[in-house]
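Notes follow once the structure below has been shown.
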Amino acid sequence: MQKNIPNYFIENQSIKEKTYYKMGGIARYFSTPSNLYEIQETILWCHSQQLPCSILGSGSNSVYSDENFSGVILSLEKLNHWFWETDEYLFVEGGVTNTEIAEICLVANRAGASWMFRMPGQVGASVRMNARCYGGEISQIVKNVITIDQYGYIKFYTVEEIFQGYKLTTLMNKPEIVVGVRLYFPNKSAAEKLLKHMYDCEEDRHRKKHFYLPSCGSTFKNNYSVGKPSGQIFDELGLKGLKVGAAEVSEYHANFVWNMGSAKTNDMLELTAIMRNKAKKELQAVLELEVQPVGLFQKEMYQKCGMEKLGPSYEDANGKKWVGLFYYPNNFVTKLFYSNNEFPKILYEAPFFEYFQTPFAGRPDVFVSICQLISFEAAKRNPNKPFLQWKTFTIDNPNKIFSIPATEKYQKKNHKFIDELWKYSVSEIFFAHPEKPKTSYLEFEITPNGEWIALEFDGIRKRSAQNTKPNEKLWDSLIINEMCIHFHNDKDLRYVFGMSFTYNNLKKVISDQQNYIYFQCALSLGYAKYYLSPAWKQDKNLHFKNMKKIKDENLKADFHQPAKFWKVKLF
């Protein structure tokens, strides 16, 4: 019996109730996280229980095996939050549907997303496969992508690092979940024009009977070297109406395979194997599945359908093949990952988000990263050697962003160590102890000009005895990095500043038993502008109720919430 099952898990969930195709077996566990922390908890729980894990968006492009799924299916159905960071930047979580994005842009009179209307699926999966239709392609509107990998680390990508061409991305062969996407819509458009295009796209889908019966849309990718689309190939081969069990090639679009009501996954895959074999044998057209099989399959089916082209597979004790997995319990691979001795390693890189996710108050040009410089064991042996590096970086001059400088007040004294630095424009980081986060945490603040403060807490907002009055001498080995300019990937200009911490600086908050550390990054830019990384959803109404006095509409941000800090394992 599994222990400590998270409260957002459902046991023995029918997969056919959760997918477009209405096929598949029973999932032992079905996880429905509603934020990044619950996603990470699900991943780490799979590690601790040694259970396979797969990711389910809306199920519009995946088909689960008829065999029961003896692990965890992580669903993104509740990861559906969105907000406009600025007039042009729209942030959406990975579970927001493509149709919703078209509707959001319609209301805001923003061009660029109308082609997504009624396109099945969620934006996370669309980014992963570089979805396209009706003259649009997801790569055209993406600016940044945030993922979580199979070890629970957050990663951050630019558009150039993701997209490689027609239905091809670097994420297709990476075990990473697209949890957030920053979309860019620089152009305005009249609502009437957008709405007409949206209705045209919807009408075309209805004309082609896209929604007539359950399917996953295009079953095979187009092979452009053949010179004609896959649907035309199957039409010329006379495959419309071909059946296996209750699975049938659509009479309206020969690249669609319908579930006529009671089809099994094996029916559908047997049919696709016939289609694929005929195309290869009679027209020398080699076609790859676009639909993603997930779960446990007989080796014969795996080979007939060409599943080896779809990513890594794992063989179980009975010779069957696991495919389409996000995580598979393999102790050797896991140990290899954590024992890798190549440093430095980026543990975290992500943008900041406005604290309350207030529309049009974002900062899409400020980011943060945390890098491990030496191994955990080496840091303990050399406790005054730089161990972790925290950097804030921008793509615009920080003097425009950090608009309330502390330097002017203190420059005559040549003083850099400043209490209550948060009153000025600063970047902040909090570190908490994994086993006692509410009673043991640290706070560091820094400005682009190198003013800084370091504080130790024995409780929430309760400074430790030796930090009642901040003491610079307690942090002698800490390294301050004032603003510098460098290039990322040889072309991306970045303004960078931060700190490097030793093991001695952080030993109060490091668990030697677990090798974990908790952190939260924040920005306090002044004029009631507060930002977090990673962000959590704030309940404004609850915050109002808890405030005894409200002088104005601006809410005070609360960064001192160590129980909500992000968790990373140190190498």
Side-chain angles (χ1 to χ4, degrees), residues 36 85-86 88-89 91 142-147 153-162 180-182 184 343-355 361-373 386-407 416 421-422 424-431 443-454 478-501 517 519-526 529-535 559 566 568:
L36 297 183
E85 291 187 70
T86 68
E88 299 178 339
Y89 285 90
F91 176 77
V142 170
K143 200 71 172 179
N144 304 117
V145 178
I146 302 169
T147 71
Y153 292 88
I154 283 185
K155 298 184 178 181
F156 179 69
Y157 298 99
T158 63
V159 61
E160 294 84 4
E161 293 171 313
I162 294 291
V181 185
R182 179 179 276 147
Y184 182 55
F343 291 93
K345 291 181 185 294
I346 294 178
L347 302 181
Y348 179 84
E349 187 170 84
F352 282 100
F353 292 104
E354 198 274 332
Y355 187 86
R363 289 270 22 153
D365 47 1
V366 189
F367 311 84
V368 63
S369 71
I370 297 173
C371 184
Q372 185 175 339
L373 303 175
F387 172 38
L388 293 184
Q389 185 179 59
W390 161 54
K391 294 190 293 187
T392 301
F393 58 93
T394 76
I395 55 177
D396 196 1
N397 193 314
N399 293 327
K400 298 178 183 177
I401 300 166
F402 293 76
S403 56
I404 306 181
T407 305
K416 293 280 189 175
L421 193 61
W422 56 267
Y424 307 96
S425 295
V426 297
S427 184
E428 308 175 41
I429 191 168
F430 296 77
F431 290 105
E443 176 185 0
F444 300 90
E445 302 175 13
I446 189 171
T447 73
N449 297 316
E451 296 94 0
W452 64 284
I453 187 71
L478 192 148
I479 300 172
I480 305 300
N481 305 121
E482 296 185 30
M483 185 177 69
C484 66
I485 302 174
H486 70 72
F487 287 87
H488 176 65
N489 293 334
D490 298 323
K491 62 178 180 178
D492 180 17
L493 179 66
R494 291 184 175 184
Y495 299 83
V496 183
F497 61 96
M499 296 180 179
S500 295
F501 308 101
I517 192 166
F519 68 87
Q520 177 69 61
C521 304
L523 280 177
S524 181
L525 296 183
K529 295 179 180 178
Y530 308 111
Y531 305 83
L532 283 176
S533 183
F559 299 152
W566 191 250
V568 295

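Computed from a prediction, not measured in an experiment: that's the story for all the values here.
Residue Ala361 comes nearest to Glu354 through the heavy atom pair O-CG, 3.4 Å, listed as atom of the first residue, atom of the second, then distance. Minimum heavy-atom separation, Ile404 to Gly526: CD1-CA, 3.6 Å. Of all heavy-atom pairs spanning Tyr89 and Pro364, the tightest one is CD1-CG, 3.8 Å. Taking all atoms of both residues into account, the shortest heavy-atom contact from Tyr157 to Glu161 is CA-OE1, 3.3 Å. For the residue pair Asn397 and Tyr495, the shortest heavy atom distance occurs at N-CE1, 3.7 Å. When all heavy atoms of Ser427 and Phe497 are compared, the pair lying nearest together is CB-CE1, 4.0 Å.
At a threshold of 4.0 Å, the pair Glu85-Lys143 does not count as salt-bridged, since none of the basic side-chain nitrogens sits closer than that to a carboxylate oxygen.
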Please evaluate residues Val568 and Ile517 with respect to the criterion side-chain contact (heavy atoms from CB on, under 4.5 Å), reporting the C-alpha separation (whole Å), side-chain torsions for both, the decisive distance (0.1 Å), and the verdict.
CA-CA 6 Å; Val568 295; Ile517 192 166; 3.5 Å; yes
Full working for side-chain contact (heavy atoms from CB on, under 4.5 Å) between Ile446 and Trp390:
CA-CA 10 Å; Ile446 189 171; Trp390 161 54; 3.6 Å; yes
Please test Ile429 against Ile370 for side-chain contact (heavy atoms from CB on, under 4.5 Å), starting from the C-alpha separation and ending with a verdict.
CA-CA 10 Å; Ile429 191 168; Ile370 297 173; 3.7 Å; yes
Report the C-alpha distance between Ile401 and Asp396 in whole Å, list the side-chain angles of each, state the deciding distance to 0.1 Å, and finish with yes or no for side-chain contact (heavy atoms from CB on, under 4.5 Å).
CA-CA 8 Å; Ile401 300 166; Asp396 196 1; 4.2 Å; yes
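Side-chain contact between Leu36 and Ile146 is absent, with no heavy atoms from C-beta onward closer than 4.5 Å. A 4.5 Å side-chain heavy-atom check between Leu532 and Tyr355 finds at least one atom pair inside the cut-off. By the 4.5 Å heavy-atom criterion applied to side chains, Phe444 and Leu478 are counted as neighbours. Here the side chains of Ser500 and Asn481 are in contact, with some heavy-atom distance below 4.5 Å. At least one side-chain heavy atom of Glu451 sits under 4.5 Å from a side-chain heavy atom of Leu421. Looking at Pro344 and Gln389, their side chains never come closer than 4.5 Å, going by heavy atoms from C-beta outward. Residues Glu428 and Ser524 have side chains in contact (heavy-atom distance under 4.5 Å, counting atoms from C-beta outward).
Here the CD1-OG1 distance, from Ile453 to Thr447, works out to 12.0 Å after rounding to the nearest 0.5 Å. Distance check: Phe402 CZ to Asn449 CG gives 10.0 Å after rounding to the nearest 0.5 Å. Taken from CZ in Phe393 to CE in Met483, the straight-line distance is 15.5 Å, to the nearest 0.5 Å. Taken to the nearest 0.5 Å, the CZ atom of Arg182 stands 8.0 Å off from the CZ atom of Phe91.
Because its NZ or CZ atom is not both nearer than 6.0 Å to the ring centre of Tyr531 and within 45° of the ring axis, Arg363 does not count as a cation-pi partner of that residue.
Ring geometry for Tyr348 versus Phe519: interplanar angle over 60°, hence perpendicular rather than tilted (30 to 60°). In this structure, Phe559 and Tyr530 have perpendicular ring planes: the angle between them is above 60°, well past the 30° mark. The aromatic rings of Phe431 and Phe501 sit perpendicular, their planes meeting at an angle over 60°, well past the 30° parallel limit.
Between the side chain of Gln520 and the backbone N or O of Ser533, at least one donor-acceptor pair lies under 3.5 Å. Ser425 contributes a side-chain N or O that, together with a main-chain N or O of Ser403, makes up a donor-acceptor pair within less than 3.5 Å. In this structure, the side chain of Lys529 does not engage the main chain of Leu523 through any donor-acceptor pair within 3.5 Å.
Between Thr158 and Glu160, the side chains place a donor N or O and an acceptor N or O closer than 3.5 Å (distance only, hydrogens not considered).
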